[in-house]
Amino acid sequence: MASTIRFAHRGAPVHPVAGNTLAAFEAALRAGAEGIESDVRLTADGVPVLVHGAGPAGSRPLRSVSRHALPPEILALADVWERLGNEFELSLDMSDPAAAEAVVALASHYNALPRLWLTYWRLPAMIAWRRRWPDLKLVYATLFGFPDPVLRRTTARLAAAGIDAINLHQRIIGRNSAATVHAGGLKLFAWGLRRHTDVARLAALGADAVFVDEIGSDLA
């Protein structure tokens with residue numbers, strides 16, 4: 001268990017606290033989560049903000065809205081490191097891949113790059129990121145399950161591209177998945193966990209990190 005990174009998905013918020021907020025992230029870290037997770041997008045003036053989906057701009061793309069025009073509850077990425085420090089893992093789903101440069105610049109400014117994980121599903125963009133930032137941690141996410149031979153070939157292809165981890169839905173991770181991924185030189189991440197009680201099962205299957213929607217009081 002101790003070696004499995006537990007990411008609080010959007011802070012694993014508990015009502016009435018909203019997700020992707022400092023309150024949710026602070027509560028998750030106090031409960032013992034090693035990391036927090038969010039989705040990042042870029043505003044019109046180049047500010048990375050933490051939102052899920054298209055964001056709160058209605059019919060307007062978020063990239064057409066300046067930071068100051070967004071509701072105050074929308075969190076800027078810089079606010080996370082400014083308020084919470086950098087002693088935790090941070091996983092960012094790159095909903096807007098154009099945000100990568102600004103994200104990496106901020107992480108470097110706050111000395112948080114060693115604990116930053118960027119998750120995406122388009123390999124060409126990730127290869128470009130690897131070439132530009134050799135030390136960046138990259139996680140390839142997929143909705144699909146793979147038989148062991150296909151997972152082995154996929155892992156080899158990702159390793160050749162410089163990817164650090166593959167992120168699979170927890171329901172498609174079998175007893176041989178971790179061994180296959182680890183043999184190819186990658187880490188195995190698991191997403192889609194609803195309860196903190198699911199963490200022990202995925203850790204027993206060899207997952208190196210999990211994304212969980214609930215942080216229990218016994219997590220620490």
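Counting begins at 1 with the first residue of the sequence.
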With a 4.5 Å limit on heavy-atom distance, are the side chains of Val80 and Leu50 in contact?
yes
Do the non-hydrogen side-chain atoms of Leu158 and Leu123 ever get within less than 4.5 Å of each other?
yes
Return the CG to CG distance between Leu90 and Leu92, rounded to the nearest 0.5 Å.
4.0 Å
Of all heavy-atom pairs between Ala102 and Gly46, which one has the smallest distance, and what is that distance?
CB-O, 4.2 Å
Could you work out, with salt bridge (Lys or Arg N to Asp or Glu O under 4.0 Å) as the rule, every residue matching Arg67, not counting sequence neighbours?
none
Residues that His109 engages under ring pair (Phe, Tyr, Trp, His ring centres under 6.0 Å), provided they are two or more places apart
none
Inter-residue atom distance Met94.CE - Met126.CE, 0.5 Å rounding
10.0 Å
Set of residues satisfying side-chain hydrogen bond (donor to acceptor under 3.5 Å, both in side chains) with respect to His182, sequence neighbours excluded
Asp208
Calculate, to the nearest 0.5 Å, the distance between atoms OG and CG belonging to Ser95 and Leu42 respectively.
12.0 Å
Sequence neighbours left out, what passes side-chain hydrogen bond (donor to acceptor under 3.5 Å, both in side chains) with Arg122? Give chain and number order.
none
Applying side-chain hydrogen bond (donor to acceptor under 3.5 Å, both in side chains) to Asp79 and not counting sequence neighbours gives none
Report the residues that fulfil side-chain hydrogen bond (donor to acceptor under 3.5 Å, both in side chains) with Asp164, sequence neighbours left out, ordered by chain and then residue number.
Arg130
Results of ring pair (Phe, Tyr, Trp, His ring centres under 6.0 Å) for Phe146 - residues two or more places apart only
none
Residue pair Phe189 / Ile166, side-chain heavy-atom distance below 4.5 Å:
no
So Leu168 and Thr142, do their side chains get closer than 4.5 Å, heavy atoms only?
yes
For the side chain to side chain contact (heavy atoms under 4.5 Å, CB included) test, which of Val40, Leu70, Asn20, Leu62 pairs with Val51?
Leu62
Taking every heavy atom of Ile173 against every heavy atom of Ala190, the minimum-distance pair comes out as CD1-CB, 3.5 Å
Heavy-atom closest pair, residues Ala23 and Val17:
CB-CG1, 3.9 Å
When rounded to the nearest 0.5 angstrom, what is the spacing between CG in Leu77 and OG in Ser38?
8.5 Å
Evaluate side chain to side chain contact (heavy atoms under 4.5 Å, CB included) for Arg194 paired with Gln170, printing each intermediate quantity in order.
CA-CA 10 Å; Arg194 298 297 183 187; Gln170 56 100 2; 5.9 Å; no
Would you be so kind as to tabulate the donor-acceptor pairs closer than 3.5 Å made by side chains of residues 8-16, with sequence neighbours excluded?
| from | atom 1 | to | atom 2 | distance (Å) |
| --- | --- | --- | --- | --- |
| His9 | ND1 | Asp213 | OD1 | 2.5 |
| Arg10 | NH2 | His52 | ND1 | 2.9 |
| Arg10 | NH2 | His52 | NE2 | 3.1 |

Would you check if Val139 and Ser91 make a side-chain contact, meaning some heavy-atom pair closer than 4.5 Å?
no
Mind checking side-chain contact (heavy atoms from CB on, under 4.5 Å) for Ala204 and listing every partner two or more places apart, or none if nothing turns up?
none
Out of Trp191, Phe211, Phe144, which one pairs with His169 under the ring pair (Phe, Tyr, Trp, His ring centres under 6.0 Å) rule?
Trp191
Are Trp133 and Leu138 joined in one hydrophobic group, where the rule is that I, L, V, M, F, W and Y side chains link up if heavy atoms are under 4.5 Å apart?
yes
Between Val199 and Thr197, is any pair of side-chain heavy atoms under 4.5 Å apart?
no
With a 4.5 Å cut-off on side-chain heavy atoms, are Leu143 and Trp121 touching?
no
Atom pairs and distances, side-chain donor-acceptor, residues 110-119, under 3.5 Å, sequence neighbours left out:
| from | atom 1 | to | atom 2 | distance (Å) |
| --- | --- | --- | --- | --- |
| Tyr110 | OH | Glu82 | OE1 | 2.5 |
| Arg115 | NH1 | Glu87 | O | 2.9 |
| Trp117 | NE1 | Glu89 | OE1 | 2.8 |

How are the rings of Tyr120 and Trp129 set to each other: parallel, tilted or perpendicular (split at 30° and 60°)?
tilted
Here the pair of heavy atoms bringing Ala203 nearest to Thr4 is CB-OG1, 3.6 Å
For the residue pair Phe7 and Ala209, what are the closest heavy atoms and their distance?
CE1-CB, 3.8 Å
Counting only N and O atoms by type, is there a donor-acceptor contact under 3.5 Å from the side chain of Ser66 to the main-chain atoms of His68?
no
Restricting to side-chain contact (heavy atoms from CB on, under 4.5 Å), what partner residues turn up for Pro147, sequence neighbours left out?
Pro149, Val150
With sequence neighbours excluded, what pairs up with Asp198 under the salt bridge (Lys or Arg N to Asp or Glu O under 4.0 Å) test?
Arg195
Nearest-0.5 Å distance that lies between atom CZ in Phe25 and atom CG in Leu84
8.5 Å
Please round to the nearest 0.5 Å and tell me the distance separating atom OG1 of Thr180 and atom CZ of Arg153.
12.0 Å
Answer yes or no: is there a side-chain heavy-atom contact under 4.5 Å between Glu37 and Asp93?
yes
Considering residues, nucleotides and ligands other than Glu26, do more than 12 of their heavy atoms fall under 6.0 Å from its CD?
yes
